[in-house]
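Structure, as structure tokens:
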Amino acid sequence: MVSGFDGTGVAKSCSDHKTKEECFGPMVEDIGGKLVTGECVWKVIPALKYAGCVFEG
């Protein structure tokens with residue numbers, strides 16, 4: 001399970017941000033029991049027909 005927090009109490013994961021405007025800033029996520037610091041970044045991946053907010057740590 002991957003979960004985290006953005007310090008606002010609103011988002012638990014970068015994927016909670018549904019628009020490009022919401023998708024920015026630092027995030028701490030629990031990945032495999034370790035807290036990982038990174039940021040939320042909007043990605044467009046044409047090969048996967050995907051656009052959304054992802055965690056980069």
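Quick note: numbers below take in every heavy atom, side chains included, and nothing from hydrogens, waters or symmetry partners.
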Task: Joint cluster assignment, V44 & L48, ILVMFWY side-chain distance < 4.5 Å - done: no
- [ ] For the pair C40 and C53, evaluate disulfide bond (SG atoms under 2.5 Å apart) and give the outcome as yes or no after the intermediate values.
- [x] CA-CA 6 Å; C40 295; C53 193; 4.3 Å; no
- [ ] State, with a plain yes or no, whether a side-chain heavy atom of E56 is found less than 4.5 Å away from one of K43.
- [x] yes
Task: Side-chain heavy-atom pair F24, V41 within 4.5 angstrom cut-off - done: no
Open item on the list: Return the NZ to CG distance between K18 and D16, rounded to the nearest 0.5 Å.
Closed with: 6.0 Å
Open item on the list: Run S13 and E29 through side-chain contact (heavy atoms from CB on, under 4.5 Å) and show every step you take.
Closed with: CA-CA 7 Å; S13 174; E29 295 210 5; 3.6 Å; yes
Task: F55 CZ to H17 NE2 distance, which is reported to the nearest 0.5 Å - done: 11.5 Å
